[in-house]
Amino acid sequence: MTETTEAPAAASQPDKKTPTEGANPDASTTPNEEQQAANGSPEKKSATEEKDAPPAEPPKEMRAVVLTGFGGFKGVKILKKPEPSLQAGEVLIRVRSCGLNFQDLMVRLGAIDSPPKTPCILGLECAGEVEAVGEGVENFKVGDRVVALPEFKAWAELVTVPAKYVYHIPDEMSFADAAAIAINYIVAYIILFDLASIKPGKTVLLHSAGGGVGQAIVQLARTVPNVQVFGVCSKNKHEALKAGGLIDHLLERGSDYTNEVRKISPEGVDVVLDCLCGEECNRSYTLLKSMGKYILYGSSNVVTGETKSFFSVARSWWQVDKVSPIKLFEENKSLAGFNLRHLLYQQDGIEYVKNTIESVFDLWKGGKIKPTIDSTWALEDVAEAMQKMHDRKNIGKIVLDPAMEPKPKPATPAKGKAKAKKEASEEKNGDKEKKGDSDGEKKDETNDKDATAATEGEAAAQPAEVEKEKEKEKENGDATESEKQSS
């Protein structure tokens with residue numbers, strides 16, 4: 001009866017739904033909840049998707065010359081860095097060639113105003129191909145051949161540069177020539193034509209005549225008729241510069257060149273172009289004619305060693321006489337200075353520099369100038385390239401090539417000695433082991449002989465002992481017989 005009673009009760013409530021285990025029986029279930037229940041909860045689904053998603057690819061890397069700390073060459077390292085991300089208004093460039101400038105040495109020392117924070121990628125100029133353009137860039141497209149002047153970070157396989165510091169190069173120009181021309185010829189053009197206003201028949205005293213900027217100035221000066229150039233440089237460069245035939249009179253750096261100039265031009269010179277500063281300022285200023293112009297465009301005398309020297313900085317400052325405006329007024333002389341980095345990045349000289357480099361490229365197209373490249377180096381050999389420039393041994397521009405294989409590193413003498421010592425030690429140990437094995441064999445043979453002799457001795461001793469035992473027994477037997485007879 002119980003079964004028949006319960007069965008109709010269940011049949012009379014066909015629409016009642018039994019709640020799932022663990023659910024609130026009083027809560028009503030919505031269609032969305034039913035769908036979620038069927039498909040799984042969003043949290044579980046998201047976790048499942050994350051688990052099933054392929055692992056994220058590691059960021060792409062590139063080689064770069066990184067300054068890890070100011071000072072010597074040990075702070076300059078070749079490291080793997082993430083490829084730069086392109087921002088609006090920028091151009092991504094695949095670097096094919098880079099230029100090394102004396103200012104890069106000063107950056108390494110921390111001897112410039114507002115130096116970058118380390119670690120940072122070094123380099124102020126590079127040439128290559130456009131790989132991508134950012135939002136808002138209209139003058140460049142992928143594949144364009146360009147030269148760029150970023151404020152640092154140029155010495156890498158890839159670099160992003162604001163489009164305002166990027167310039168198209170002629171189709172026939174190599175990337176190495178573009179990197180050799182950019183900074184050197186911009187500086188040379190501005191100080192020679194815009195500041196010095198060089199004219200036919202003028203005389204120019206040029207310091208560091210064998211360097212990259214010096215060679216650019218010499219070539220540009222030859223585009224003006226009858227300009228006479230006095231070039232001051234290290235003695236070891238004279239022979240090569242004489243062969244070039246572009247400098248009228250070569251003077252040795254460190255000598256009393258003022259007397260040599262006076263012998264040839266008693267009145268002095270019309271223009272002095274100085275990138276050294278220090279005591280050279282005073283000497284050169286005395287050579288200026290009336291209406292002469294003295295132009296300072298560098299201070300390389302500050303760099304005297306591998307690391308920054310406050311004494312060198314102070315000495316360069318102290319050795320320069322203070323020239324008052326009244327003195328300039330009375331002597332009809334002019335002083336001027338030029339700093340391309342300040343003009344371009346701090347003083348809004350973007351259009352001015354752009355117009356200048358276009359004029360330089362026009363001279364190159366006309367065959368009137370051709371950059372002098374001293375040598376080309378791999379990124380890994382940048383410290384050696386810097387050392388060459390520091391020693392003033394380069395004639396013309398030093399260029400870096402990211403695709404170039406580095407020089408093989410020779411084994412150091414210390415490593416060679418350690419290797420020889422290790423081999424000698426191993427050989428000595430081997431001889432000892434051989435000797436030990438030989439002595440062990442001899443010892444084993446001796447022990448075998450002793451053991452054999454002992455065995456033979458024991459064997460020989462056994463019959464004698466047996467005989468003695470027999471004699472003892474016989475004596476004892478005789479003694480017993482006599483005792484019996486006496487009793």
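Note that the structure is predicted; figures quoted are calculated from it, not measured.
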Pair Tyr257 + His249: ring centers closer than 6.0 Å: no
Sidechain-backbone polar pair: Asn355 side chain, Tyr352 backbone, donor-acceptor under 3.5 Å: no
Gap separating the NZ atom of Lys235 from the OG atom of Ser255, nearest 0.5 angstrom: 8.5 Å
Aromatic ring pairing Tyr345/Tyr165, orientation class (parallel under 30°, perpendicular over 60°, tilted between): perpendicular
From CG (Asp177) to CD1 (Ile369), nearest 0.5 Å: 10.0 Å
Shortest non-hydrogen contact from Ala156 toward Ala64: CB-CB, 3.7 Å
Distance-minimising heavy-atom pair for Phe230 and Val261: CD2-CG2, 4.1 Å
Sidechain-backbone polar pair: Arg63 side chain, Ile78 backbone, donor-acceptor under 3.5 Å: no
Pair Lys388 + Asp381, salt bridge at N-O below 4.0 Å: no
Pairs meeting criterion salt bridge (charged side-chain N to carboxylate O under 4.0 Å, His left out) with involvement of residues 91-105, two or more places apart: Arg94-Glu131, Arg96-Glu129
For Lys397, the option from Thr372, Asp374, Asn101 that meets side chain to side chain donor-acceptor pair (under 3.5 Å): Asn101
Side chains of Leu220 and Leu363 in contact at under 4.5 Å (non-hydrogen atoms): yes
Positive for side chain to side chain contact (heavy atoms under 4.5 Å, CB included) with Leu92, one of Val142, Val130, Leu158, Val161: Leu158
Spatial distance of atom CG (Leu379) from atom CE (Met404) [nearest 0.5 Å]: 10.5 Å
Closest non-hydrogen atom pair between Cys277 and Gly298, with its separation: CB-O, 4.0 Å
Closest non-hydrogen atom pair, Thr286 against Asn282: CG2-O, 3.2 Å
Identified side chain to side chain contact (heavy atoms under 4.5 Å, CB included) partner of Trp155 from the options Val66, Leu124, Leu122: Leu122
Any side-chain heavy-atom pair of Met386 and Val65 under 4.5 Å: no
Polar side chain donor-acceptor pair, Asp391 to Gln387, under 3.5 angstrom: yes
Spacing of CZ belonging to Arg283 relative to NE2 belonging to His207, to within rounding of 0.5 Å: 9.0 Å
Other residues, nucleotides, ligands: >12 heavy atoms within 6.0 Å of Lys202 NZ: no
Contact summary for Cys98 and Pro402, nearest pair of heavy atoms: SG-CG, 4.4 Å
Test side chain to side chain donor-acceptor pair (under 3.5 Å) applied to Thr258 and Asp256, step by step: CA-CA 6 Å; Thr258 55; Asp256 186 12; 2.7 Å; yes
Enclosure of Lys354 NZ (heavy-atom neighbours >12, cutoff 6.0 Å): no
For the student: nearest non-hydrogen atoms of Val227 and Asp248, plus distance: O-OD2, 3.7 Å
Any donor-acceptor N or O pair under 3.5 Å, side chains Gln219, Tyr185: yes
Charged tip of Lys333 within 45° of Tyr285 ring normal and under 6.0 Å: yes
Ionic contact status for Lys164 with Asp348, cut-off 4.0 Å: no
